[in-house]
Amino acid sequence: MPFFQSIIGKNDAKKDLDKMNDKNSSSNNNKQDAPDFESKWKFLQQGFNKLIDFLGSNMKSPFNYDEYAELYTTVFNLCTQKVDTNRKGGATELLYERYRQCIADYLKDLVVPALKEKQGDPLLMEAVKRWRDHQLVVRYMVKLYNYLDRYYTKHNNRDDLRSVGLKCYQELVYGSIKKDMAHALLDKVQKERDGDLIDKSMMKDGITLFIEMGLGSLSAYEEDFERNLLLETQQYYNIASSKWIAEDSCPDYMKKAEEKLEQEEKRAVAYLHQNTKAKLVAKVQDEIVRKHQLTLLNMDGSGLVALLKMGDKHEDLQRMYNLFDRIDGLSPMAEKIRDFITEEGVKIHANHSSQENVDAKAYIEELLKLHGIYSKLVANEFKQNPLFLDALRDAFTHFVNLEVVSPGEKNKSSTAELISTYCDAIMKEVDKVGEDNLDELLENIVKLFGYLKDKDMFLAFYREHLSKRLLVTSRLNLDAERSFIAKLKMRMGMSFTQKLEGMIKDKSISENLRNDFKQYMTNKTITLPFDFNPEVLTLGCWPQMKTDKMTIPQELSLCLDTFKKFYDSITQQRKLDWIHSLGTAIVTGRFEKGTKEISTNTYQSCILLLFNTSNELTCQEIQTSLNLSATEVKRNLLSLCATKAANILNTSGNKKAIAPTDKFTVNADFESPSRRIKIPNVVVHVTQQQKQEINQKAQEERKYVIDAALVRIMKARKTLKYQELMTETIKQLSTHFHPDPKLIKRRVEDLIAREYLERDQKDSSTILYVA
């Protein structure tokens, strides 16, 4: 208080004490009689009475400066001078006892009668008032008796004066009112829960009484108040939650639950002890969340599944997450979400499996949309919780790895192939997608790719598609290609994308080679019959391509021979193998209604060139002239005569099924509004037979990958049990594909046969590395 602050510790107080010491010294020197204790105590008693009178007055302070100084000095003198007490203990001990008795008498005479027979609000109000008064009395008395408190109690193992005041209250007042006081406080809590306004300051002071009565511990508070509070809280919310769950929808129930929890937390902060908050909130959570969790999750029409189906209930879903997270009860919710996403994905799969021809673009876009919805839900509403991340992964891993099989099993496609096909379509339509959306789309494709178990199958198909884009597609976006490969590299590592990067690199190298080739022809004064732009590919990076022994037209043969001479002049011990199936050509066609530029593949151009020397040719004659397979010839003839927009040739036979004897002639009346005509490039599409071939190639490559993993593990470990080797190998390879244990076993046996590994002669289940 300001009054005390102006005295205690100030210079004026020190001067007064110095004067008192001088007087005491003078008194001793003059051998005056020692002060009488009872007369001094009577003076202190009068001061105490004045303090009690102050409690019911409007005065700002019970003492003025001089009164306080005189009372303080009296206590000081009784503690420091020889005082006649007519008893053994001395003045300080007697003063200590009188202090206690003074407090006790005040409580007996004034406080106990005032609280007697009061209950409910009157008791609470009176008890809080008397407790506040008692705290004030003790505070003043401790200040006045400060010297006694500092020296006597400290050195004589006695309770400090504040504790004496509290103990008196505990013994004389608290025991008789604690039950009724607790009931009154709990009634106030009940009223507040029901919406009434209460005096929180009075509540805090009333609860502080229980805390202080523990005298340094919380035993009184916990036994006399907190236990009953928690019990009544449990009963209150048991009844309330049972009513809500019967009447309200899931979202409405959760709003009430969230509101009540927030209120209880604020209540605990406002006037309860800090240790009570966790216990109180736990009781409320048990009654309104834990006991009704499964009912809320499975509630018809408004439970978790219903909220997910509605699609726009993000706030309710987040509220459900927050409530269940409080009780560590997210597992049932995560499992239900996993099952729901799995069901939605299986529906998409079943819908596309019922179609004759699988639309890769539509199928993958539906999966991407589904993933976008629930990945955002997990990221935003579910705060990237590992349980929900696992649920999302498990759900997509299940249906993404299902094979899409058309009716009658005529067409089978893995999701790995369909994702690659979708990427192929996107890379050919980068302008339509837009640069702003492309990066996000590629990122989402990589996320979907991450759920594949056989990622090496995707790589096999993607290499096939990429090779055709790099070699056949006229409008190629290398920046988009590099961006996607970089995202794959970030997810899978450098070894996974090494060949893809090599293919892109070959594209750049080929550009430099063509420039060098042009310079070579200029230096040698060589003129070719037409522009020739070869692509040089590194054998190890590109997918295995079919070579043929096609009879090359003379014009093209000259170009190939010239480039071979140039290439041999700049390289050593390198061999060129021409892959005609991936070549393209622009053929000039002179028709009666105008000259057209015809964009073709190499096979189509060679077929058309045959008609420069013959007016009519049969399918068999064309096959013989070019030395190609019948299938290849028929497929390219169909593209030249069966398309309305590009029917360059006429046929005497069935355009849908060409026979060896069918005759073909040039369609001299061909017309088109476009100067350049694009002949459909049949090699761009992956046929069912090619799918099988790609799959077989991938299976073959797995053997080498498994061999490398086995040798790498054994080289590091030297000795390993067979089962441990199997486990470690599966663990290392599972990021790329799901290895078959039987295949691993065969590869181990093969490595033993080739003396890379050997079995321990004493224990056949132990494998040794052969250095």
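Computed from heavy atoms alone, side chains included, the values below leave out hydrogens, waters and symmetry copies.
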- [ ] Decide yes or no on side chain to side chain contact (heavy atoms under 4.5 Å, CB included) for Tyr769 and Thr719, but give the supporting numbers first.
- [x] CA-CA 6 Å; Tyr769 176 71; Thr719 302; over 6 Å; no

- [ ] Please say which of Lys703, Arg702, Lys697 ends up in a salt bridge (Lys or Arg N to Asp or Glu O under 4.0 Å) with Glu700.
- [x] Lys703

Open item on the list: If you apply the rule side chain to side chain contact (heavy atoms under 4.5 Å, CB included), what do you find for Asp325 with Met333, and how did you get there?
Closed with: CA-CA 10 Å; Asp325 188 33; Met333 184 179 177; over 6 Å; no

Task: Cation-aromatic face contact Arg469/Tyr462, 6.0 Å, 45 degrees - done: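 Cation-pi check for Arg469 and Tyr462: passes.
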
Nearest 0.5 Å, what's the [atom1]-[atom2] distance between [X] and [Y]?
X	Y	atom1	atom2	value
His738	Met457	NE2	CE	15.0 Å
Asn636	Ile607	CG	CD1	5.0 Å
Lys742	Ile744	NZ	CD1	13.0 Å
Phe496	Met490	CZ	CE	15.0 Å

Distance-only polar pair, side chains of [X] and [Y], donor-acceptor under 3.5 Å:
X	Y	result
Lys432	Asn437	no
Asp516	Tyr567	no
Asp707	Tyr756	no

Open item on the list: Before we go on, tell me: are the rings of His398 and Tyr451 under 6.0 Å apart, centre to centre?
Closed with: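 No; Tyr451 has its ring centre 6.0 Å or more from that of His398.
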
Is there a donor-acceptor contact under 3.5 Å from the side chain of [X] to the main chain of [Y]?
X	Y	value
His349	Glu403	yes
Ser420	Ala416	no
Lys455	Leu452	yes
Thr415	Val400	yes

Open item on the list: Students often mix this up, so state it plainly: with edges at 30° and 60°, are the rings of Phe396 and Phe399 parallel, tilted or perpendicular?
Closed with: tilted

Quick one: do [X] and [Y] make a salt bridge, cutoff under 4.0 Å?
X	Y	answer
Lys487	Asp439	yes
Lys428	Glu481	no
Arg482	Asp479	yes
Lys505	Glu501	no

Task: Chi angles and distances behind the side chain to side chain contact (heavy atoms under 4.5 Å, CB included) call for Glu632, Arg635 - done: CA-CA 5 Å; Glu632 201 66 62; Arg635 183 162 53 240; 3.0 Å; yes

